[in-house]
2 protein chains.
Amino acid sequence: MIIIASRKEVAQLAGVSEATVSRVLNGVGPIKEETRLRVLEAADRLGYTPSALARSFARRRSGNLGVVMPYLPKARIFSAYYFSEILSGIGSKALESKYDLLMLFREPGGSMDYMNLFRTQKVDACIILGARDDGGERQAIQQLSEGNHPYCLINQYFEGEAFHVMDADHVDGSYQAVRHLTEQGFRKIAFLNGPSQYSNSRDRLKGYAQALNEAGIALDESLLFEGNFSRKSGYAAAELIARQLDRIEAVFAANDRMAIGLQQGLRALGISEERMPAFVGYDDSEAAELCTPPLTSVRVPFYELGCLAAAHVLHRLDASDSEDESEMNAVLHRQLSTRLVIRASSLHRN
Amino acid sequence: MIIIASRKEVAQLAGVSEATVSRVLNGVGPIKEETRLRVLEAADRLGYTPSALARSFARRRSGNLGVVMPYLPKARIFSAYYFSEILSGIGSKALESKYDLLMLFREPGGSMDYMNLFRTQKVDACIILGARDDGGERQAIQQLSEGNHPYCLINQYFEGEAFHVMDADHVDGSYQAVRHLTEQGFRKIAFLNGPSQYSNSRDRLKGYAQALNEAGIALDESLLFEGNFSRKSGYAAAELIARQLDRIEAVFAANDRMAIGLQQGLRALGISEERMPAFVGYDDSEAAELCTPPLTSVRVPFYELGCLAAAHVLHRLDASDSEDESEMNAVLHRQLSTRLVIRASSLHRN
DNA sequence: GCAATTTATGTACGCGCGTACATTTTCTCA
DNA sequence: TGAGAAAATGTACGCGCGTACATAAATTGC
C-alpha cells in the first residue's frame, strides 16, 4: 500500500511552512523562485496532490455541476436521444471549466428538494432536466431562485415564474410540422402529444392549433391523443388511432420514439401500408433517418441547449464570486429555434 | 437570502451539545427518546441538513462513484448505445446504494492518472469505460490494483494482468455471428473490426477465425477491415469494400453503427440492393431493428455489465471497511454471454 | 547607514462534521 | 439504600486545506 503524503510532509521535506506549500501549489502571493522549485520538487518526490475533498471543504465549493435526471427504474434513460444529446452538451462545457458532472436522479416519489443540493454543498450549480409542472417542482425551483443559486431548467418553463430556462421554440417547431402536413393537402391531422405537465407539450399544442387555424381547419378534440414519450406509449396509442383511421390522414407525434412506436403498433394491428397515415415526428433523432420510411421530424438543438445551460450556470457562478449584482439578477429565458427536416414519411403518396 | 443553519445553532436551540445533535442525526449511540425528538424538531425548525461536503471530509469518503468516459470533443458520446446502456446500469446500482455518480472525461491526451482520483478523494470507487490497451493505461490501472482501490473495467481486459474486469463473451458472440453466415452458405465473409487496442476487437477476430475454420474456410487477410466504431468509419470503409465486392458475399461488423454506416456508404456508391452483401452487426442496438433491412446483430447485456460492475466496486468498498482480506484479494474477471439476434439483413436472398 | 517599503515566509485558525474519551445521569440488584 | 453497571450526554480534537495576520528578510530611498 502506498502511503499518501500530505502537505505537512511536503513542507518538511522542502524545509518550509505548510502555508508556503499551499501558496506555491495555488500560485498565490509572491514566492521566491528558488523556494517554489524546492517545494515543487518535494511535492513531486512524495507524489503529493492536494485532496480535492479537503480543498473543496476549505473553499466551501464542491467543484461539482449537478445534473438532475428523471427517475427511471430501468428505463435506460441515457439511451433517449433527448437526454444523451443534452448531457453531451453539458459535459463538454463542464470539462472546459474544470467542473465535474454529478448525476442526480429524482427519487421515485417525484420532485426533489433542490435546495438541499446546495445546502449540503453537493453542487455549486445545477441543471434540471425533465422537470414537470407540478406544485412541488414549482416550489422547489422557487426556492432556488430566491436563494439566488445558479441553476437552469432545460426545455421546461413555468407559467408566471421568472425561472432560468434554456428552451427551444416548440410552438414554431410544431407549427412548421403541421403546416408541412396541411401544405401537402392533409386535413385530418391527429396529434399524439406528451403529458401536459410539460411546457413543451403545451407549446406543441399551440403550434398545432395555429397551423390548423391558418389552414382553415377546425381543431377536433377527438384527434388529440396523449402518450408519455416512450415508444411503448406510441405503440399503445396505435389501438385508439386504428379505430378511427378513416378519419385520420396524418399524425404528428411529439417525439420520434412515439411516432415509431405508433407506426409499429399500426403495422402490428394489420394496417396495410396503403392505409398508413403520414407521419411527422419530433426531435430528429438518429432513429428518424434509419426507420422505414424515413421519418420527417423537427430538429431540436439539444446539444446546444446543454452547452448554453451549462455556460449560463457557470457564468452565474463566476458572477456570484465577483458579487456582480447586475449579472446575478438577469434571469435567463431563451428559446433556440427549431427546424423541420422533411423525409419520406410525411410525403403524400401518389 | 436564506441563512444556512449549522450544527451549532441546532445544538443551542435543542439545548444539547453538538455531539448529541450529530449522534441523533446519524443514529449513533444510545439517545434518550425525548432528546432525540427535541433535536429533530430543532433541526427541522432551522431547516438544518448536514453539509455533505463537511461530512465527506470528516469521514474521508466522498460518496462518489466515478465513471471514466472516453474523451470526445463533440462526439456526443452519451448517444452511443453502448455507453448509454452501461451508464443506466451503473446509475441504477449507484442510486440503490446512495452513491452519487461522478462523470469523468479523459483528457484529450489519452490516458489518465486514475490514482489521482483516489488520492484527491474525488471518488471512493471507479468504473472505467472505453480503456484502450496501451502502456499508459496499463500502468495507470496497475497502480489502482496495487493500491487496492475498488475499480472495475468494463468490456476491456489486459493480457497478462489480473485486473478487475466485467466483460462479455465476444469470442463466442462473433463466432455465433459468423457461423450463422457460414450456415447460410456464405463463404466470402469480410470483417469490419474495431481498433485492435481493444480486447473485444481481438476477441471478435478470434471468434471470426474460429467460425471460418470450423467451416473449412481459410482466413483471407484481404477481407479484414478496420474502423473506429463510428458510423462515419463504416461509411468510409464502404469505398474499400465496394472495390472488391465481387469477392465478398457477407460482412460482419464489430458494431451496429459501422454496419449501418457501411450499408449507407455502399448505397451512396450506387451499389444496388441485389449486389448488396449480407450484414451482421454487433451490440443489438435499437437502430438494428429500425434500419432497413433490419440488422442481424449480437446482443450484449450492456445494462447488466453496468449493474454488475457497480455492484462489484461497491461491494469491495464495503469489504475494505470491514477489512475483509479475502474479499479484497479476489480479482474479478467475468464474462457475460452474448446472443445472436437474427433479422433480415443476414438472410440469404432466394 | 538607517528608516520606510516591499517581498517573502511563518503562525494560527476556521471550515462543519465524526468520534474517542471523559463525565454525568439513570438503572439494576443486592 | 448504596455500589456498580449501563445509558446518556458533554468535551475536545482531528480531518487537510485556505488564508488573514504577524513576522522576518530583502530592497529602496535619502
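Just so it is clear, the values below take in all heavy atoms, side chains as well, and ignore hydrogens, waters and symmetry mates. Note that the structure is a prediction, hence the values are computed from the model and not measured.
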Identify which one of R334(A), H333(A), R316(A) satisfies the side-chain hydrogen bond (donor to acceptor under 3.5 Å, both in side chains) criterion when paired with H164(A).
-> R316(A)
With sequence neighbours left out, what residues match N64(A) under side chain to side chain donor-acceptor pair (under 3.5 Å)?
-> none
Here the residues of residues 28-45 of chain B within 4.0 Å heavy-atom distance, strictly under, of DNA chain C are none
So what does R7(A) touch, heavy atoms closer than 4.0 Å: a base, only the sugar-phosphate, or nothing?
-> base
Heavy atoms of chain B, cut-off under 4.0 Å: which first and last nucleotide of DNA chain C, 5' to 3', fall inside that, if you could look?
-> dG16(C) to dA20(C)
Checking E137(B), Q143(B), H149(B) against Y114(B) for side-chain hydrogen bond (donor to acceptor under 3.5 Å, both in side chains), the one that qualifies is E137(B)
State whether the side chain of Q156(B) and the backbone N or O of S199(B) hold a donor-acceptor pair below 3.5 Å, judged by distance alone.
-> yes
Where each residue is assigned the nucleotide of DNA chain C containing its nearest heavy atom, which of S17(A) and R60(A) is assigned the position nearer the 5′ end?
-> S17(A)
Check: R38(A) side chain, A14(A) main-chain N or O, donor-acceptor pair, under 3.5 Å = yes
Would you mind reading off the distance between R23(A) atom CZ and dC21(D) atom C1', rounded to a whole angstrom?
-> 11 Å
Want to settle it: does G15(B) or A54(B) sit nearer the 5' end of DNA chain D, counting the closest nucleotide to each?
-> G15(B)
Checking all strands, does T20(A) fall into the base, sugar-phosphate, or nothing category for heavy-atom contacts under 4.0 angstrom?
-> sugar-phosphate
So, Y157(A) versus F163(A), ring centres under 6.0 angstrom or not?
-> no
Base, sugar-phosphate, or nothing for S22(B), non-hydrogen atoms under 4.0 angstrom?
-> base
Between M115(B) and L144(B), is any pair of side-chain heavy atoms under 4.5 Å apart?
-> yes
Is the backbone N or O of L53(B) less than 3.5 Å from a side-chain atom of S51(B), with the two atoms forming a donor-acceptor pair by type?
-> yes
